[in-house]
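Below is one structure, written out as structure tokens; the observations come after it.
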Amino acid sequence: MDGKSLDIKQEKIERLKELLPEVFTEEKIDWEKLKAALGEDVEFKNERYVLNWAGKSDAFKVLQAPTTATLVPVRNESIDFNDTGNVFIEGENLEVLKVLQKSYFGKIKMIDIDPPYNTGNDNFIYPDRFSETKEEYLERIGDKDESGYITREGLFRKNSKDSGHYHSNWLSMMYPRLFLARNLLREDGVIFVSIDDNEVHNLRLLMNEVFGEENFVATFIWEKRTTRENRRVFSFNHDFIVCYARIKELFETSRGLLPMTEEGRKRYKNPDNDPRGDWQSVSLNAMAGHATPAQFYTITTPGGRKLDPPPGRCWSVTQSELQRLIADKRVWFGKDGNNVPRRKVFLSEVDEGLTPHTLWKAAEVGTTDNASKALLNLFGGESLFETPKPIELVKRMTAISTQHDCGDIVLDFFAGSATTAHAVLDLNKQDNGTRKFIMVQLPEKCDEKSEAFKAGYKTIADIGKERIRRVIKKIKEDDEGKLPFEKTKQDLEFKVFKLKPSNFKIWQGDGIENGRQLEKHLQLHLDSIKKDASEEYMLYELLLKSGRNLNSKIESTDNYYRINDGKMVITISKIDEKIVDSILEVKPQIFITLDKLFENNDQLKTNTALQMKDAGIEFKVV
């Protein structure tokens with residue numbers, strides 16, 4: 001009881017909802033649908049098959065708004081920063097994805113994300129204030145408490161089911177992130193998105209729009225629990241994993257297979273002593289829905305029995321192909337030669353692996369309970385993170401999507417406790433792989449009442465980084481005592497970066513209304529570098545914004561930095577004629593320097609530009 005009288009309007013709406021549920025969209029009446037339902041002559045506006053929601057156009061604006069942010073290295077939280085290709089990034093993932101666009105466009109082989117499921121109880125970031133400026137947005141997502149941690153109040157919004165834009169808010173959150181993620185995928189790349197019943201229908205439509213319906217690969221059903229929930233009408237024991245490719249045909253040609261198991265091998269026998277070894281049989285008939293006339297014929301068995309396809313079915317091969325298979329002794333008619341024919345498949349032909357199926361059972365890939373126990377063991381009995389994914393589940397996705405020895409990059413921009421990083425490291429250990437990971441996680445503050453906070457982990461990102469450290473330590477300990485050729489050869493380090501505002505002052509002409517204001521603004525930008533900008537911070541910002549990745553090879557000399565064996569040169573501290581001459585000897589493709597280093601020496605600046613042009617070197621001044 002709430003002590004209020006009957007809400008007559010709401011009572012009528014509820015009755016209308018019972019009678020005509022089809023006229024409601026996100027708990028509001030769609031008047032066009034209502035008129036149509038009542039038989040009135042209604043012409044729907046822009047009638048076409050399209051996914052639309054309240055705020056879609058604003059979500060486009062969020063997507064298209066460029067960022068000036070950068071990533072800064074954090075060496076004291078890394079392991080062997082200079083010698084690793086693995087990356088952990090702390091920061092709001094939409095901004096991080098924008099920062100990575102130039103450096104990693106078309107470079108990622110696999111993306112695995114476990115975004116908010118929109119259950120009505122979860123908090124997540126969505127662009128709900130489209131009237132705010134870019135600066136106001138950055139201030140909001142950078143809202144920190146007295147300890148410097150991002151506050152939930154400044155950044156997150158609880159998307160209650162009572163909200164009039166319940167589904168729209170989730171779509172507005174997901175759309176720009178998925179769009180930017182697609183840009184990062186290689187042409188043969190693939191993305192896996194975990195979801196439950198709350199938004200799986202909208203996710204499919206959204207993915208169709210971003211990736212193209214023709215690039216849908218599969219929806220995997222994951223048995224996330226084996227226990228029964230008795231508190232609900234039904235016990236929901238599964239989640240979905242929706243998979244799309246950048247270009248489906250290219251992904252299919254590069255798709256990996258699952259390892260052949262001992263259980264799988266046991267299905268293969270050799271009852272006819274075939275010299276080619278053990279085999280099992282598969283059906284030679286199929287559904288007739290798309291059959292050609294050549295797939296309907298009568299087969300005469302060696303024992304003289306005549307067989308036609310069963311009703312509604314056809315033979316899976318033409319008669320001429322069947323004769324070829326029979327001649328090659330690849331058709332089994334049973335011991336007496338009168339059984340329905342089946343095709344022989346030899347173990348030697350499939351021993352390299354199994355074709356993945358779409359039903360992933362708990363016994364194969366683990367449950368949420370398995371995942372929680374594994375994390376508990378890794379952290380010495382401390383319960384630090386709710387609902388992690390089992391590493392076997394992510395290892396399966398990774399195994400079928402990447403090559404073990406090609407340095408494929410795996411990205412997770414909803415990293416959470418860094419299960420994906422754990423899976424990559426574990427799989428590399430298993431097959432001596434060279435895969436690399438990029439984890440992106442917001443430094444979301446842990447609840448002060450949580451076990452994680454009490455154990456000293458201030459943010460979710462802290463948990464993820466510590467998990468990676470512990471996994472690396474365990475793999476190294478497992479290697480101790482082994483012979484050199486038995487030891488893991490994988491990359492057992494990672495480097496940490498954090499999202500920060502640009503190290504350079506950004507020119508903003510908005511708000512300048514008179515000459516005095518313009519003069520003041522010009523004075524502020526005489527030196528384009530911010531006071532707290534370090535040389536290393538500026539170096540990595542220039543690398544990212546010139547399209548070089550976070551694992552670029554950096555060699556430091558007294559006067560400049562050589563990038564990727566001299567393909568690029570950057571000088572940040574000093575420039576003069578001697579330095580220019582030495583750079584010309586290196587013959588880089590591009591040379592970047594700071595305008596302030598010329599100290600108003602226009603002659604040196606002009607001569608440098610001309611010399612670089614003559615040498616065919618791209619010259620940029622910041």
Side-chain angles (χ1 to χ4, degrees), residues 74 76-79 86-93 96 112-119 121-125 141-159 194 196 224-225 239 366-394 412-426 437-475 494-499:
V74 187
N76 64 335
E77 295 184 19
S78 309
I79 298 178
N86 296 318
V87 177
F88 187 102
I89 301 171
E90 278 192 27
E92 196 276 312
N93 58 13
V96 172
D112 164 41
I113 59 171
D114 188 13
Y117 287 3
N118 207 23
T119 62
N121 297 315
D122 41 6
N123 296 269
F124 57 81
I125 307 164
I141 69 168
D143 196 6
K144 298 179 176 64
D145 62 14
E146 64 277 3
S147 301
Y149 296 110
I150 293 176
T151 60
R152 179 175 291 274
E153 292 76 17
L155 184 55
F156 295 89
R157 296 287 178 271
K158 184 173 181 177
N159 197 35
S194 297
D196 70 3
K224 66 178 180 179
R225 69 164 61 89
D239 274 348
T367 64
T368 52
D369 188 48
N370 298 145
S372 296
K373 289 177 180 177
L375 196 60
L376 204 67
N377 291 335
L378 187 65
F379 279 87
E382 295 174 333
S383 179
L384 304 180
F385 192 81
E386 295 180 359
T387 63
K389 288 286 188 290
I391 63 167
E392 292 301 325
L393 175 71
V394 184
D412 183 350
F413 53 89
F414 284 98
S417 67
T419 301
T420 302
H422 189 163
V424 169
L425 290 168
D426 208 58
F437 63 74
I438 300 176
M439 299 293 104
V440 182
Q441 175 56 41
L442 185 78
E444 175 187 346
K445 189 175 181 181
C446 295
D447 191 314
E448 294 185 6
K449 297 178 182 179
S450 68
E451 292 299 314
F453 191 87
K454 293 174 184 176
Y457 301 100
K458 300 296 190 249
T459 69
I460 301 298
D462 288 341
I463 297 172
K465 286 179 290 185
E466 181 60 21
R467 180 179 190 172
I468 297 171
R469 294 187 193 104
R470 291 182 180 229
V471 171
I472 289 172
K473 181 182 178 183
K474 187 176 185 304
I475 293 174
F494 75 109
K495 58 182 68 173
V496 176
F497 290 85
K498 293 186 179 181
L499 182 72

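Numbering starts at 1 and runs along the sequence shown.
The closest side-chain heavy-atom distance from Ile438 to Phe88 is not below 4.5 Å. Side chains of Phe497 and Val74 form no contact here, defined as non-hydrogen atoms less than 4.5 Å apart. Side chains of Pro115 and Phe413 form no contact here, defined as non-hydrogen atoms less than 4.5 Å apart. Contact of the Ile472 side chain with the Leu425 side chain is registered, since non-hydrogen atoms from C-beta on lie closer than 4.5 Å. Counting heavy atoms from C-beta outward, Cys446 and Ile460 have side chains that approach closer than 4.5 Å. Contact annotation: the side chain of Val87 never approaches that of Met439 to less than 4.5 Å [non-hydrogen atoms, C-beta and beyond]. A heavy-atom distance below 4.5 Å is found between the side chains of Leu378 and His422.
A pairwise comparison of heavy atoms in Asp239 and Lys224 identifies OD1-NZ, 3.2 Å as the closest pair. In terms of heavy-atom proximity, Gly464 sits nearest to Ala418 at O-CB, 3.7 Å. In terms of heavy atoms, Phe385 sits closest to Leu375 at CB-CD2, 3.7 Å. In plain terms, the two heavy atoms of Leu384 and Ile463 that are nearest each other are O-CD1, 3.4 Å.
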- Query: Step by step, would you call Phe414 with Asn93 a side chain to side chain contact (heavy atoms under 4.5 Å, CB included)?
  - Reply: CA-CA 7 Å; Phe414 284 98; Asn93 58 13; 3.4 Å; yes
- CA sep, side-chain torsions, deciding dist, call: Glu77, Lys498, salt bridge (charged side-chain N to carboxylate O under 4.0 Å, His left out): CA-CA 11 Å; Glu77 295 184 19; Lys498 293 186 179 181; 3.3 Å; yes
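Shown here are the ring-ring contact (aromatic ring centres under 6.0 Å, His included) partners of Phe379, two or more places apart in sequence or in another chain: Tyr457. For Ser78, the side-chain contact (heavy atoms from CB on, under 4.5 Å) test picks out Phe81, Lys495, Val496, with sequence neighbours left out.
Side-chain polar atoms of Asp369 and Ser372 form no donor-acceptor pair below 3.5 angstrom. With 3.5 Å as the limit, one finds a donor-acceptor pair spanning the side chains of Ser417 and Arg467.
Checked by atom type and distance alone, the side chain of Glu392 never pairs as donor or acceptor with a backbone atom of Gly366 at under 3.5 Å. No donor-acceptor distance shorter than 3.5 angstrom exists from the side chain of Asp412 to the backbone of Thr420, with no hydrogens or angles considered. Asp426 contributes no side-chain N or O that, together with a main-chain N or O of Ala423, makes up a donor-acceptor pair within less than 3.5 Å.
Among Thr419, Asp112, Asp114, the one residue that satisfies the side chain to side chain donor-acceptor pair (under 3.5 Å) test with Lys389 is Asp114.
By the 4.0 Å N-to-carboxylate-O rule, Lys465 lies close enough to Glu90 to be salt-bridged with it.
Within the model, atoms OG1 of Thr368 and NZ of Lys373 stand 10.5 Å from one another, a figure rounded to the nearest 0.5 Å. Atom CD1 of Ile468 and atom CZ of Phe494 lie 5.0 Å apart (nearest 0.5 Å).
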